Amino acid sequence: MDKLKLLYKLSPIILLIIVIFSIYFAYRCYQDEKIAKAYLDKLQSEFVQYKNSNNNIKKLESNIIEAIKHGQTNTDNLRNDIDNGLVELRVKVESVERGSATASNTAQQALRLAKSSQQDYYNLTNAINYNRTIIDGWQKYYCQEIAPKNSTEFMCIN
């Protein structure tokens with residue numbers, strides 16, 4: 001009987017310990033849930049930023065490609081203009097050839113010089129436009145994507 005009385009006296013203490021442990025366990029579960037939600041929110045935010053950055057990069061790539069195509073079109077137009085001028089020069093050379101042998105020799109040299117100059121000019125303008133487009137595109141990409149992440153925005157002020 002003494003054991004039963006002792007157990008009866010201790011039961012509120014045991015019950016209190018169980019309640020305190022249950023409250024502690026519930027509190028820890030609540031804290032873990034808050035941490036998990038915060039981590040999930042952070043991951044979702046990073047994913048949205050990644051998608052936005054990826055879309056910006058795709059837009060920049062598209063702009064660079066369009067600029068290159070535009071530069072090539074301009075270069076092709078310039079080359080066509082030079083070719084048309086060269087055709088005119090050939091016609092004039094042929095008419096000079098009929099006039100005299102000495103003038104013909106000089107005209108042929110001028111024609112060869114014009115052809116090589118045309119090709120050199122085409123290569124130079126094409127390379128300049130291409131390089132300018134690539135440099136502008138990467139500079140824009142650096143200023144929009146990389147500089148904010150490593151605090152070098154000051155390098156992007158034009």
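The structure displayed is predicted, hence computed values, not measured ones.
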Below 3.5 Å, can you tabulate the donor-acceptor pairs from side chains in residues 36-48 to any protein atom, sequence neighbours excluded?
none

Exercise for review: Keeping to residues at least two apart or across chains, list the ring pair (Phe, Tyr, Trp, His ring centres under 6.0 Å) pairs with something in residues 124-144.
Suggested key: Trp138-Tyr141
Acceptor/donor pairs from residues 15-30 side chains to any protein atom, 3.5 angstrom cut, sequence neighbours excluded:
| from | atom 1 | to | atom 2 | distance (Å) |
| --- | --- | --- | --- | --- |
| Ser22 | OG | Ile18 | O | 2.9 |
| Tyr27 | OH | Gln31 | NE2 | 2.9 |

Review point. Do Cys143 and Glu153 have side chains that get closer than 4.5 Å, going by heavy atoms?
Key: no
